[in-house]
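Since the structure comes first, as structure tokens, the remarks are kept for the end.
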Amino acid sequence: MTQYRPDEIEERWQKRWAEAKVAEVDVAAPGSKFYMLNMFPYPSGDLHVGHGRNYILGDVLYRFFRMQGRVSLNPMGWDAFGLPAENAAIKRGIHPREWTLGNINRMKEQFRRWGILYDWSKELASCDPDYYRWNQWLFLRLYERGLAYRGKAPVNWCPQDRTVLANEQVIDGRCERCGAEVIQKELEQWFFRITEYADRLDAGLDELHEWPEKVRAMQRNWIGRSVGADVEFPVPALGHPLRVFTTRPDTIFGATFMVVAPEHPDVPALIAGHPDRGAIEQWIAGVRNQSALERQESGKEGRFTGQSAINPFTGNEIPIWLGNFVLMQYGTGAIMSVPAHDQRDFEFARQYGLPIRVVIQPAGAEPVSPDDLAEAFTSKDESAVIVDSGLISGLPVPEAIERISEEVERRGIGTKTVRYRLRDWLISRQRYWGTPIPMIYCQRCGMVPVPEGDLPVELPIDVPFTGREGNPLAKQEAFVSVDCPSCGGAARRETDTMDTFVDSSCYYARFISAHDDTKIFEKKLVDRWLPVDQYIGGIEHAILHLLYARFIARAMHDLGLLAHEEPFRRLFNQAMITKEGYRDPSANMAWVPLDEVEWRDGKPWRGATELIPEVGKMSKSRFNTVAPDDLIERYGADTQRVYTLFIAPPEKEAAWSDEGVIGAYRFLGRVWHLGQQILAAAEHPSAREAPRAVLRKTHQTIDAVTRRFERFEFNTAVSALMELSNVLGEHVPGHAAALRGPYLILLQMLHPFAPHMTEQSWQLFGEEGFILTSKWPVADPSLMEEETVTIVVQVNGKLRGQIEVPNPPAEEAVMAAVQKNERVQSWVAGKQVLKTIYVPGKLVNVVVR
RNA sequence: GCGAAAGUGGCGGAAUUGGCAGACGCGCUGGACUUAGGAUCCAGUGGCCCACAGCCGUGCGGGUUCGAGUCCCGCCUUUCGCACCA
């Protein structure tokens, strides 16, 4: 009997799949299409088993749908531009391109060893001019439409990476990548006008039923749609009114002061006559220089401008203050403050002794004195009622909002407004390793787009990396200096490159026309293949990538390039794999490399310190990665695949266990041995029909596995296959030959999980052709039928007897049997039978009264 | 503070619509085969109890129901997002 030897079979099958190009699909082939896509990775180098989860999951799904007979596409590419390549160049003197291409090769090899089938004929890399020329082309189209523009704006500047960041890349006031504190800088930069699509991006979320609710909520939150009104407050000293945005116009009678952002353009005029103007200007400068983080941490601070506005509804003069908590980037940069009904305004009013006026109360409550308020009363449902507010007094809040908004519009002092938290997408990066922005600055003609025929604007390769003086592109005179395409005079190229999220915003469509050098994509084909049917990637892209891609899809739709507006029909976010490790509580470096852990009395030590066991995300910096190479060498890729899916539901974090792997290996070994026994016996003439119990289990398993595939419950799908193999194993003695059919069905269902092992068995035992072309087995319920089943009867929850009924036990048949059975009947006699509940194969509950 | 999700053995985790709680696997215990076992195979494994019987068990407290891990009400805990957005 031959042993299960993954090392002998996997290499052979991988080679064969590659030679036969089994995953290459003709995108024009007829049939029902299935587009499976893993988010294309940044080629950072070696992959560990934690990364494997993502790709194995995609491959399992791809193989499943392929077996279902769908024309399936599973492409792969590389998000190959970005900072780490440049940093590696600075640190180790390797060109970013070389570093990137080397990593790509290593990762491709890893995918091959995992047995993942990608259609490599459609491979693309964002750092390849054949790819980024279309990014540049798209940029020019957006520019023509006014969706790409250059503007001066306060931007997030990372002093460590020496580049600007998009708002989405600033986490808690720090650079997403390096963690340095982000500062504000006023710079000329390129933007994409994503705000123009805010409403469509927001509304589209409602249709994404097959996206995780969490991601939709995060995007909704980020877009931050809020409905309210703009209202003008006259300011005698200015000669023009100040405009505020509020979501609570119903509280306007309670507006007792105004606060404007220190950056507001009217501030100089407001403080012009202030006796202490110098001090205020100094304070403003201080606030402006603060990082976003410092500004938040310094608490609420303000200064009185010395000027007043008129509350248009009460007619009262209200003081105008400056406040560090009012943001110039949101709304109008000025707010009306209603301390009684907004917590921030309340705190500010208490801090500076500003007046508070109560205009909303719980319905039927006694009037409240402002002095007794412990916090702002912010309820806005029907139970909150307006008081002391002229024409809206007595109305519940929702109605009051409607009434007062109409009144504002009627008087011509404002409008109903929808505002978004979302701001335009800053795409310029002062970095080398990215897509050059195809623009030229001419002294005579101004800003001139690179003509389409001159694309791509190629990134010069021969560039020195010192890491000291900013963007190395800017010092490449051969690149920068150019003739103006318009007048032919001397001009200079834009040296900013694009944010890499631009690269990843259309790649999924480009796969369909990956090597077309005449157009960005073939509309007929992308319209057939989009949207992506199943998109898989990490939750870390919930906002950035997925929002940008949705935006660009809509922009491309409006340019007539695509029929679809939503690029990804179904989204799944797999969670990461963690691994236990050790932490040294006395050292700066939290995690300790495993080979530095010594053991004393069964406890982990390092030096004189006892280490603390800890579980965390697998990463090189934590020294807790598991390299797939050793694992595959010992147990095979199929073992890793099965274990990875069995370990936990894929959306849940899972802790890697070296012992757990063995369970998957044993399972595959058992299946292998079953094959040895069953398929050898099948040649004997004594083969007869399999035992009923085996047939039933087989069909139950087909049903269970199919259902679980649809619900992404791969861990229980694998366990169902384990159960089936256990049942087969029990019946091998005496029935080996008869188990052939069920065994082959088991192999088929196992195939997406352990493709090498199952193909080998298939071939070994004489079945012709690739299992990949066969269809998933369909359960035939008639095979499951026993003639009768015995069921246990409970009457009102108490065991009262057993009855025999025909299989499958229909409700009526059960009732009839209950009536006929004397023992049971005696418990039911004279009572009204309310209902019976059949528990499959087991028992019946008869509910009586 | 706001929003979302989740609490089940020593561990990862099962349990269609309320219907035998703990499937499957790891670990552990015992055995077989072995020069050896960190290989393989077999048996056992929620707790109390020598064992049968029995009792107790799904974060806590109530409720609905013949029957609740599942439904309802009120707590507690954890994780993850967002966070001066007017």
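Throughout, a chain's letter reflects where its sequence line sits, starting with A, and its residues are numbered from 1. Treat the numbers as computed from the prediction; the structure is a model and nothing was measured. Only heavy atoms go into these numbers, but all of them, side chains included; no hydrogens, no water, no symmetry mates.
- Going from the C1' atom of B:U8 to that of B:A21 covers 8 Å, rounded to whole Å.
- Nucleotide B:A39 is matched to nothing when pairs are restricted to Watson-Crick or G-U wobble geometry with both distances under 3.5 angstrom.
- Between the CG atom of A:N726 and the C1' atom of B:G25 there is a distance of 10 Å, given to the nearest Å.
- No salt bridge links A:D630 with A:R634; every basic N to acidic carboxylate O contact stays at or beyond 4.0 Å.
- Classified by interplanar angle (parallel below 30°, tilted 30° to 60°, perpendicular above 60°), the ring pair A:F753/A:F714 is perpendicular.
- Using a 4.0 Å heavy-atom criterion, one finds that A:R666 contacts the sugar-phosphate atoms exclusively.
- Taking the six-membered ring where the residue is Trp, A:Y352 and A:W321 present tilted rings, their angle falling between 30° and 60°.
- Between the P atom of B:A86 and the CE atom of A:M328 lies a distance of 16 Å, rounded to the nearest Å.
- Residue-level contact check: A:V326 touches the bases, meaning some heavy atom is under 4.0 Å from a base atom.
- Within the 4.0 angstrom heavy-atom criterion, only backbone atoms of the sugar-phosphate kind lie near A:K652; the bases stay farther away.
- Rounded to whole Å, the distance from CZ on A:R419 to C1' on B:A86 is 11 Å.
- For the P atom pair drawn from B:U45 and B:A53, the interatomic distance equals 13 Å after rounding to whole Å.
- Base-pair partner of B:A15: not found among the strands shown (Watson-Crick or G-U wobble, both distances under 3.5 Å).
- If you measure from atom CG of A:N221 to atom C1' of B:C80, you get 13 Å, rounded to the nearest angstrom.
- In this structure, A:R550 does not pair ionically with A:D202, as no charged nitrogen and carboxylate oxygen lie closer than 4.0 Å.
- Within 4.0 Å (heavy atoms only), A:L327 reaches at least one base atom of the nucleic acid.
- Closest approach to the A:P649 side chain among B:C82, B:G13, B:C84 is made by B:G13 (side chain taken as heavy atoms from C-beta onward).
- With contacts defined as side-chain heavy-atom distances shorter than 4.5 Å, the pair A:T639/A:P6 does not qualify.
- Comparing atom distances between the A:A648 side chain and each of B:G12, B:A14, B:C84 picks out B:G12 as nearest.
- When heavy atoms are screened at a 4.0 angstrom cut-off, A:T332 is found touching no nucleic acid atom at all.
- The partner of B:C50 cannot be assigned: no Watson-Crick or G-U wobble pair with both contacts below 3.5 Å exists in any strand.
- Distance from the side chain of A:F245 is smallest for B:A86 among the nucleotides B:A86, B:C26, B:A83.
- One C1' atom belongs to B:G44, the other to B:A51, and the distance between them is 15 Å to the nearest Å.
- A sub-4.0 Å separation between OP1 or OP2 of B:G25 and a side-chain N or O of A:R670 is present.
- Side-chain contact between A:E210 and A:L571: absent, with no pair of heavy atoms (C-beta onward) separated by less than 4.5 Å.
- B:A23 and B:U16: their P atoms are spaced 15 Å apart (whole Å).
- Atoms CZ (A:F325) and P (B:C84) sit 12 Å apart, rounded to a whole Å.
- In this entry the distance linking NZ of A:K214 with P of B:G3 reads 16 Å, nearest Å.
- Salt-bridge formation is not detected for the pair A:K300/A:D345: no Lys NZ or Arg NE/NH1/NH2 atom is positioned less than 4.0 Å from an Asp or Glu carboxylate oxygen.
- Spacing between B:C28 and B:U65 at atom C1', rounded to whole Å, works out to 40 Å.
- Comparing atom distances between the A:I662 side chain and each of B:A86, B:C82, B:A39 picks out B:A39 as nearest.
- Of all nucleotides present, only B:G59 satisfies the Watson-Crick or G-U wobble test against B:C75, with each distance under 3.5 Å.
- B:A5 atom P lies 13 Å from atom CD1 of A:I539, rounded to whole Å.
- Computed from coordinates, the A:L547 CG to B:G81 P distance equals 18 Å when rounded to whole Å.
- Residue A:E723 places its side chain closer to B:C24 than to any other of B:A83, B:U40, B:C24.
- Between A:F348 and A:F325, the ring-plane angle classifies as tilted under the 30° and 60° cut-offs.
- Taking the nucleotide of RNA chain B with the nearest heavy atom to each of A:Y665 and A:V718, the more 5' of the two is matched to A:V718.
- B:G44 is paired with B:C28 under the criterion used here, namely a Watson-Crick or G-U wobble arrangement in which both key atom distances are under 3.5 Å.
- Nucleic acid contact class of A:R225 (heavy atoms, under 4.0 Å, all strands): none.
- The gap from the C1' atom of B:G10 to that of B:G22 amounts to 14 Å, rounded to the nearest Å.
- In this structure, A:G669 reaches neither bases nor backbone, as no heavy-atom distance under 4.0 Å exists between it and the strands shown.
- At the phosphate of B:G3, neither OP1 nor OP2 sits under 4.0 Å from any side-chain N or O atom of A:R220.
- Taking only side-chain atoms of A:F646, from C-beta outward, the nucleotide of B:A23, B:C24, B:A86 with the closest atom is B:C24.
- Contact annotation: A:S226 side-chain N/O to B:A86 OP1/OP2 distance is under 4.0 Å.
- Using P as the reference atom, B:G57 and B:G3 are 35 Å apart when rounded to the nearest Å.
- When each of A:M218 and A:G333 is assigned the nucleotide of RNA chain B with its nearest heavy atom, A:M218 is the one assigned upstream, toward the 5' end.
- Base orientation of B:G37: anti (glycosidic angle beyond 90° from 0).
- The partner of B:G1 is B:C82, by the rule that a Watson-Crick or G-U pair needs both atom distances under 3.5 Å.
- Residue contacts for A:E653: at a heavy-atom cut-off of 4.0 Å it reaches the sugar-phosphate backbone alone, with no base atom in range.
- When the P atom is used for both B:A43 and B:C50, the distance is 27 Å, rounded to whole Å.
- In this structure, A:R216 does not pair ionically with A:D206, as no charged nitrogen and carboxylate oxygen lie closer than 4.0 Å.
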